[in-house]
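Below is one structure, written out as structure tokens, with a few remarks after it.
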Amino acid sequence: MDSKVLQRITTELPSGTRLVAVSKYHPAEAILEAYQAGQRIFGESHVQELQVKQAQLPTDIQWHFIGHLQTNKVKYIAPYVSLIHSVDSPRLLDEINRQALRAGRRIPCLLQIHVAQEETKFGFLPDELIEFLRSGHWHTLEGVEIAGLMCMASNTDDEAQIESEFARAQHLFDQLKNEFFTAQPTFCERSWGMSHDYPIALRCGATLVRIGSLIFGDRVYL
Ligand SMILES: *Cc1c(COP(=O)(O)O)cnc(C)c1O
């Protein structure tokens with residue numbers, strides 16, 4: 001854990017933007033070091049790994065789930081997860097609703113949109129998302145609070161392309177805000193930007209940046 005980098009990122013973020021320290025594949029000790037340096041929001045992308053860490057680390061950590069979430073695993077994290085960034089289907093949103101109500105909670109969720117050129121990225125296409133919101137079904141889901149959008153840009157060195165993808169996400173956010181969420185101040189989050197592209201994301205309205213390797217070093221995939 002590089003506490004200098006952690007501190008530099010935290011101080012350079014504009015007010016209103018928060019850092020999600022992405023700790024996947026890094027041990028609990030590294031998380032605890034960042035915690036002791038003041039970091040409270042951590043992002044994980046595997047349910048089982050999150051379960052183990054959540055059980056052994058301080059209870060005031062806010063755990064954000066950022067990876068692809070299988071519906072059959074929602075029940076494990078529903079009692080404690082602070083924000084699910086990666087809702088990529090109506091079915092998943094329904095299951096989060098069901099498990100949130102069982103746990104007596106309302107879980108904040110972001111809708112993941114697909115703006116990248118790669119085919120492998122999960123998420124709603126912009127038109128699909130608009131259609132889903134127009135259906136109105138989500139109004140009936142009292143266990144979830146749709147708090148904004150999340151996206152990943154293409155994995156490329158082409159900064160202009162990354163910027164155009166984040167700008168598209170920001171534009172879609174504004175459009176959805178106007179059409180569906182004008183009366184809901186809680187629809188406010190834009191989760192974009194990772195270690196290599198977060199400065200671009202900040203120019204495109206990010207309110208949450210998800211940064212892993214810059215803070216924790218390279219991940220070791222076992
Ligand atoms: C791993 C991951 C990150 C962090 O990536 P880094 O390049 O290590 O900063 C951000 N977002 C998602 C969805 C991830 O899976």
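Note that these values count all heavy atoms, side chains included, but never hydrogens, waters or copies made by symmetry. First listed ligand is number 1; within each ligand, the first listed atom is number 1. Index from 1, following the sequence.
The closest donor-acceptor contact from the side chain of Q39 to the backbone of L19 lies under 3.5 Å. Counting only distance, with no hydrogens or angles, the side chain of E165 and the backbone of S154 share a donor-acceptor pair below 3.5 Å. Side chain of R210 to main chain of G193: no donor-acceptor pair is present (N/O by atom type, distance under 3.5 Å, no hydrogens or angles).
Contacts of H85 with ligand 1, taken as heavy-atom pairs under 4.0 Å, are absent altogether. Residue S213 touches ligand 1 through backbone and side chain together, judged by heavy-atom distances below 4.0 Å. Counting heavy atoms under 4.0 Å from ligand 1, residue K24 touches it through the side chain alone.
Considering backbone and side-chain atoms alike, G212 places an N or O below 3.5 Å from some N or O of ligand 1. Here's the thing with R219: one of its N/O atoms is less than 3.5 angstrom from an N/O atom of ligand 1.
Counting protein heavy atoms only, atom 11 (N) of ligand 1 is closest to R210 NE, 2.9 Å. The nearest heavy-atom contact from the protein to atom 13 (C) of ligand 1 is I66 O, 3.5 Å. Among protein heavy atoms, the minimum distance from atom 9 (O) of ligand 1 is reached at S195 OG, 2.6 Å. At the shortest separation from atom 5 (O) of ligand 1 among protein heavy atoms lies M194 CE, 3.5 Å.
For the atom pair I66 CD1 and S23 OG, the distance stands at 8.0 Å (nearest 0.5 Å).
The ligand atoms of ligand 1 that sit less than 4.0 angstrom from a heavy atom of I211 are 9 (O).
Scanning all heavy atoms of the two residues, the minimum distance from A100 to G143 falls at CB-O, 3.2 Å. Across all their heavy atoms, F42 and V20 have their closest contact at C-CG1, 4.0 Å.
With L208 as reference, L110 is the one residue of L13, L110, T17 to meet the side chain to side chain contact (heavy atoms under 4.5 Å, CB included) rule.
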